[in-house]
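Heads up: the structure comes next, in structure tokens.
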Amino acid sequence: MNIVNILEEIEKVDGEIYERLNPRRAAMKDFFNMGKKVALAAMPLALGSVFQKAYGQSTPQAVTDVLNFALALEYLEYNFYNHALAGTPATPIPAGAPLAAITLIRDHELAHVNLLKGALGAAARPAIPYSDTDYTAGGTFPTVFTDYGTFLAVAQGFEDTGVRAYKGQAGVLVGNPVLTTALQIHSVEARHAAHIRAMRTTLSGGTTVYKPWVSLGSAGQANDSGVPQVDAVYAGEDTTVQAGVNIVGINGNTGVTKAAAVECFDEPLDRASVITIANLFLQPGKKLS
Amino acid sequence: MENLNEQDVVLSESGILDAKLQRRSFLQYAGAGAAVVALTAAGCRKDRVNNSMTGVTLDFKDDFGVLNYAYALEQLEAAFYVQVASAPPSGFSAAEKAYFQDIQYHEVAHREFFKNALGTAAIGSLSVDFSSINFTDRTSVLAAAMAFEDLGVGAYNGAGVRLKSTTYLLAAGKIVSVEARHAAYIRDLISNGTFATAPQVSSSTGLDMALAPDVVLAAAGKYIKTKINVINL
């Protein structure tokens with residue numbers, strides 16, 4: 001695989017990519033408007049400047065591995081949402097805002113699959129079809145596609161895991177232009193997670209609140225999802241010391257409680273832990289290693 | 001705070017930056033050394049230098065510059081949310097007030113985290129200019145909040161690749177996803193279902209924004225009185 005492929009993949013669907021890579025021009029254009037116009041400057045200077053350096057160079061195996069790992073997770077997410085929408089019978093997602101949101105998320109996951117697949121080229125891992133998956137997690141969630149609430153609970157687990165998984169690979173991607181694309185996927189997964197959490201709150205009629213950000217559980221545990229079966233998804237999310245800095249009550253700010261300190265930093269999850277979680281949703285013989 | 005490059009960064013009559021910008025923010029960019037010299041040589045008018053004497057410099061030559069850039073943005077966000085949380089618009093529901101309290105403490109924690117992580121390398125405190133925001137109006141507050149959060153996400157996404165330290169990259173990664181959660185929440189408050197819609201998130205690639213620092217600072221400039229000098233970008 002070649003690093004530049006990821007740009008070419010973007011170009012296929014975004015013909016203005018190279019124009020966008022000129023941030024100075026965009027900066028002048030956008031000087032007085034931070035709204036819609038800033039959107040034109042979607043790509044970072046760093047990507048643009050690294051682009052030429054990267055051209056023609058092969059990607060380190062470690063980076064290819066990270067992208068394939070990400071691709072596997074995106075397949076898992078895409079199949080989950082797509083089956084809920086297109087399966088027979090489809091998951092009873094209410095029409096209107098909920099159905100539109102799940103459709104948007106499904107479309108994003110498919111876009112991520114296509115982007116990563118295209119970037120990896122011949123180095124891309126085999127596709128993961130729906131038939132390789134088991135979203136009941138071996139019977140843990142037997143109603144995952146028939147009960148809307150269970151579907152959302154599992155969706156939250158996928159999104160929060162996705163956010164953690166990308167973060168967990170940051171070390172491999174330091175200084176690599178692929179990092180920027182990974183970050184751009186990562187923050188979208190976080191947006192998805194926040195919205196799914198809000199959907200769960202709405203479904204409960206507001207009687208159970210799932211904050212858009214990962215907080216402490218009702219008993220102070222790391223898992224705030226209300227689903228103890230997914231404790232592994234949230235293991236370590238209750239960390240309150242960041243890069244050696246204790247966040248609780250930092251510099252006399254007593255409002256930064258333990259819960260706030262937990263909420264304001266999302267934690268990474270290492271590859272092995274993510275694979276353990278992902279494998280719960282894959283058929284025997286189809287599991288990741 | 002000390003202005004390290006006072007002589008280098010005085011605003012000029014140069015046509016590069018027009019008077020409108022100077023009045024609004026005094027924010028200027030000095031990405032290229034030669035251009036800075038030219039600007040200085042072009043001279044300056046006394047009625048425009050009041051803020052230029054107290055500017056801060058973001059030197060992107062190393063991780064400290066990137067972290068200070070993040071620190072500057074977090075200062076801006078924290079100041080905004082402290083003001084909102086202390087006197088929320090009357091149109092806010094109880095749940096909205098509670099979540100804006102949460103966000104306030106998140107941003108304060110981010111700000112203080114960078115301050116402590118940077119230690120003596122930290123830039124000083126920025127003066128903010130929120131005159132364009134009507135803090136009594138829910139719509140105005142939400143629009144500003146969305147702008148700050150989306151800009152923050154784009155800023156971190158664009159700056160990540162500049163970081164050489166895995167520790168700080170990871171810290172930035174831990175923060176940016178929380179900013180994205182804030183952005184999604186606020187977008188949904190403005191219009192439910194817009195948590196990840198175009199143009200912020202491309203519908204064809206499913207990618208969020210990644211913005212260069214000069215683009216971000218240009219957009220943030222209207223909210224910052226302190227002059228921000230950028231070098232080695």
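Throughout, a chain's letter reflects where its sequence line sits, starting with A, and its residues are numbered from 1.
A:L173 is listed as a side-chain neighbour of A:V66, based on a closest heavy-atom distance under 4.5 Å. A heavy-atom distance below 4.5 Å is found between the side chains of B:L58 and B:I123. A:I196 places a side-chain heavy atom less than 4.5 Å from the side chain of A:I102. Looking at heavy atoms from C-beta onward, B:I224 lies in side-chain contact with B:I228 at the 4.5 angstrom threshold. You'll find the side chain of A:E267 stays beyond 4.5 Å of the side chain of A:K167, heavy atoms only. Under the 4.5 Å side-chain criterion, counting only non-hydrogen atoms from C-beta, A:D238 is in contact with A:L216. Put simply, the side chain of B:I133 reaches to within 4.5 Å of the side chain of B:Y223, judged on heavy atoms.
Contact residues of residues 98-107 of chain B toward chain A are B:Y99, B:D102, B:I103, B:Y105, B:H106 (heavy-atom distance under 4.5 Å). Within residues 165-187 of chain B, the residues having any heavy atom less than 4.5 Å from a heavy atom of chain A are, in residue-number order, B:T166, B:T167, B:L169, B:L170, B:A171, B:G173, B:K174, B:I175, B:V176, B:S177, B:V178, B:A180, B:R181, B:H182, B:A183, B:A184, B:Y185, B:R187.
Nearest heavy atoms, A:A261 versus A:T240: CB-CG2, 4.0 Å. Between A:L269 and A:V233 the shortest heavy-atom distance is CD2-O, 4.4 Å. Listed here is the closest heavy atom pair of A:A182 and A:Y166: O-CD2, 3.9 Å. Closest of all the heavy-atom pairs between B:L73 and B:A220 is CD2-CB, 4.4 Å. Nearest heavy-atom pair, A:R106 versus A:Y81, reported as atom, atom and distance to 0.1 Å: CB-CB, 3.7 Å. Between B:D188 and B:T194, the closest heavy-atom pair is OD1-N, 3.3 Å.
The part of A:N253 that comes within reach of chain B is its side chain, from C-beta onward, which places non-hydrogen atoms under 4.5 angstrom from that chain. Interface residue A:H195: backbone and side-chain heavy atoms are both found under 4.5 Å from chain B. Proximity to chain B is limited to the side chain of A:V209, based on heavy atoms less than 4.5 angstrom apart. Heavy atoms closer than 4.5 Å to chain B are found in the side chain of A:L104, but not in its backbone. Looking at A:V163, the atoms closer than 4.5 Å to chain B (heavy atoms on both sides) all sit in the side chain, from C-beta outward. Heavy atoms of A:A100 lying under 4.5 Å from chain B are absent altogether. Proximity to chain B (any heavy atom under 4.5 Å) is shown, for A:R164, by neither the backbone nor the side chain. For A:V245, the part lying near chain B is the side chain, with the backbone staying farther off; criterion is any non-hydrogen pair under 4.5 Å. Of the two parts of A:L110, neither the backbone nor the side chain holds a non-hydrogen atom closer than 4.5 Å to a non-hydrogen atom of chain B.
Of the listed residues (A:T257, A:I105, A:L179), the one with the most heavy-atom contacts under 4.5 Å to chain B is A:L179. The candidate from B:A198, B:A109, B:G154, B:A117 with the greatest count of non-hydrogen atom pairs under 4.5 Å with chain A is B:A109. If you tally non-hydrogen atom pairs under 4.5 Å between each of A:K211, A:E189, A:H192 and chain B, the highest count goes to A:K211. With chain A as partner, the option from B:E112, B:K115, B:K164 having the largest number of non-hydrogen pairs under 4.5 angstrom is B:E112. Counting heavy-atom pairs closer than 4.5 Å to chain B, the top-ranked of the candidates A:G244, A:S215, A:A97, A:P268 is A:P268.
In this structure, B:R162 forms a cation-pi arrangement with B:F60, its terminal cationic atom sitting closer than 6.0 Å to the ring centre and no more than 45° off the ring axis.
For B:F148 and B:Y81, the gap between ring centers reaches or exceeds 6.0 Å.
At a cut-off of 3.5 Å, with distance as the only test, a side-chain donor of B:N157 or A:S187 sits close to an acceptor on the other residue.
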